[in-house]
Amino acid sequence: MVNTVICLDVQGNTYEIPVDELQWRPSSYGIVIKDNKVLLSKQFGDSYDLPGGGVDLGEDPKAAVVREVKEETGIDAIDPKNLGVENSFFHSAHGNKKSYHSILMYYACTFQGGELSTDGFDEYEKEYAEIAEWVPVDSIDVIKIASTVDFRPYIKQAAQL
């Protein structure tokens, strides 16, 4: 039986964490493309992540991605279609400093409307995140990502839909 796992933070640092200290965290992330630009959350100064986050207990992952996109960006996204699932052992070096065994679900979503906003940020997001940006899809290979999983292949997949 595994007693510890290696967790990563968004800076690539490693942490050896006892398995019994991990938090279980299914999460949903939205890929919204409009006018050949993808909606990304700017975090930690010069890095980007997809809008998304934890699925609440009892919440459908598709409903979670719609909610998370709205909270983190102000944008209304609809019709989530699952593109894939990844596994991550993640350490939150910011915020609550907890470590997670996370299952990340990636959804292509349709832009419905809304305006970019930070109004839905929680207390942790106010510390490290900035207003979301529409980033040209053809420039995603050169952006710095703020995630333990490289989500850029899912953006490319969504851009082909």
Side-chain angles (χ1 to χ4, degrees), residues 1-33 38-57 59-73 77 80-109 118 120-159:
M1 170 129 186
V2 176
N3 294 325
T4 62
V5 295
I6 300 300
C7 294
L8 294 174
D9 67 17
V10 296
Q11 306 300 325
N13 299 309
T14 60
Y15 304 81
E16 187 171 352
I17 305 295
V19 170
D20 62 358
E21 291 181 17
L22 291 173
Q23 305 287 311
W24 177 243
R25 185 176 187 259
S27 53
S28 293
Y29 293 88
I31 300 167
V32 182
I33 297 177
V38 62
L39 182 64
L40 295 177
S41 294
K42 191 163 187 190
Q43 300 178 0
F44 306 106
D46 63 348
S47 301
Y48 293 89
D49 198 0
L50 292 169
V55 177
D56 293 334
L57 193 61
E59 183 178 32
D60 182 279
K62 289 181 177 183
V65 76
V66 169
R67 174 183 54 77
E68 286 282 349
V69 168
K70 180 66 173 180
E71 288 174 359
E72 293 186 2
T73 70
K81 292 182 178 28
N82 187 271
L83 298 175
V85 177
E86 299 286 340
N87 181 71
S88 175
F89 295 102
F90 170 68
H91 178 75
S92 176
H94 59 283
N96 62 19
K97 311 278 194 233
K98 292 182 181 180
S99 295
Y100 300 90
H101 180 181
S102 186
I103 300 298
L104 300 88
M105 296 167 275
Y106 294 94
Y107 293 92
C109 301
T118 60
F121 280 10
D122 65 25
E123 291 308 308
Y124 293 130
E125 290 161 341
K126 289 176 183 176
E127 295 176 15
Y128 65 86
E130 298 176 36
I131 196 162
E133 296 179 13
W134 290 101
V135 176
V137 170
D138 62 5
S139 70
I140 62 165
D141 286 329
V142 298
I143 64 168
K144 184 176 175 186
I145 62 170
S147 176
T148 56
V149 174
D150 188 351
F151 52 79
R152 293 175 289 195
Y154 292 107
I155 294 173
K156 293 174 186 177
Q157 184 181 348

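In what follows, every heavy atom counts, from backbone to side chain, and hydrogens, waters and symmetry copies are set aside. Counting begins at 1 with the first residue of the sequence.
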Residue pairs meeting side chain to side chain donor-acceptor pair (under 3.5 Å), one or both in residues 24-33, sequence neighbours left out, come to Ser27-Ser102
Counterpart residues, salt bridge (Lys or Arg N to Asp or Glu O under 4.0 Å), relative to Asp46 (two or more places apart): Lys144
I'd like to check Leu50 versus Glu68 (side-chain heavy atoms, cut-off strictly below 4.5 Å). Are they in contact? no
Could you check whether any side-chain heavy atom of Ser41 comes within less than 4.5 Å of a side-chain heavy atom of Thr73, counting everything from C-beta outward? yes
May I have all residue pairs that pass salt bridge (Lys or Arg N to Asp or Glu O under 4.0 Å) and include part of residues 5-23, sequence neighbours excluded? none
How far does OH of Tyr128 sit from OG of Ser47, to the nearest 0.5 angstrom? 12.0 Å
Who pairs with Val85 by side chain to side chain contact (heavy atoms under 4.5 Å, CB included), at least two apart in sequence or on another chain? Asn82, Ile103, Met105
Distance from Gln43 atom CD to Ile145 atom CD1, nearest 0.5 Å? 11.0 Å
Does Asp150 pair with Arg152 as a salt bridge, N-O distance under 4.0 Å? yes
Taking Tyr124's backbone N and O only, do any of them form a donor-acceptor pair with Glu127's side chain (distance below 3.5 Å, no angle check)? no
If the condition is side chain to side chain donor-acceptor pair (under 3.5 Å), which residues does Thr118 pass it with, not counting sequence neighbours? none
Partner set under ring pair (Phe, Tyr, Trp, His ring centres under 6.0 Å) for Tyr48, not counting sequence neighbours: none
Could you tell me whether the side chain of Asn87 reaches within less than 4.5 Å of the side chain of His101, counting heavy atoms only? yes
Please name the pair of heavy atoms, one in Pro51 and one in Glu72, separated by the smallest distance, quoted to 0.1 Å. CA-OE1, 3.3 Å
NZ of Lys98 to CG of Leu22: how many Å apart, nearest 0.5 Å? 12.0 Å
Contacts of Glu71 that satisfy side chain to side chain donor-acceptor pair (under 3.5 Å) - sequence neighbours left out: Arg67
Who pairs with Leu8 by side chain to side chain contact (heavy atoms under 4.5 Å, CB included), at least two apart in sequence or on another chain? Thr14, Thr148
Any residue meeting side chain to side chain contact (heavy atoms under 4.5 Å, CB included) with Ala108, in chain and number order, not counting sequence neighbours: Leu83, Ala158, Leu161
Find out whether Val10 and Asp49 are in side-chain contact, i.e. whether some heavy atom of one side chain is under 4.5 Å from a heavy atom of the other. no
I'd like to check the side chain to side chain donor-acceptor pair (under 3.5 Å) partners of Asp138; sequence neighbours left out, ordered by chain and number. none
So, for Val149 and Ser88, which heavy atoms are closest and what is the spacing to 0.1 Å? CG2-CB, 3.9 Å
How many angstroms lie between CG in Leu39 and SG in Cys109, if you round to the nearest 0.5 Å? 9.5 Å
Which pair of heavy atoms, one from Glu130 and one from Phe121, lies closest together, and at what distance? O-CZ, 3.4 Å
Nearest 0.5 Å please: distance from the SG atom of Cys7 over to the OH atom of Tyr100. 11.0 Å
State which residues pass ring pair (Phe, Tyr, Trp, His ring centres under 6.0 Å) with Tyr154; sequence neighbours excluded, sorted by chain then number. Tyr106
So does Pro136 get a backbone contact from the side chain of Ser139, meaning a donor-acceptor N/O pair under 3.5 Å? yes
For Val137 versus Ala159, what's the shortest heavy-atom pair and its separation? CG1-CB, 4.1 Å
Just so I know, are the side chains of Leu40 and Ile155 near enough to count as touching, which here means a heavy-atom distance under 4.5 Å? yes
With a 4.5 Å heavy-atom cut-off, do Ile140 and Lys156 have their side chains touching? yes
Listed partners of Lys70 passing side chain to side chain donor-acceptor pair (under 3.5 Å), at least two apart: Asp76
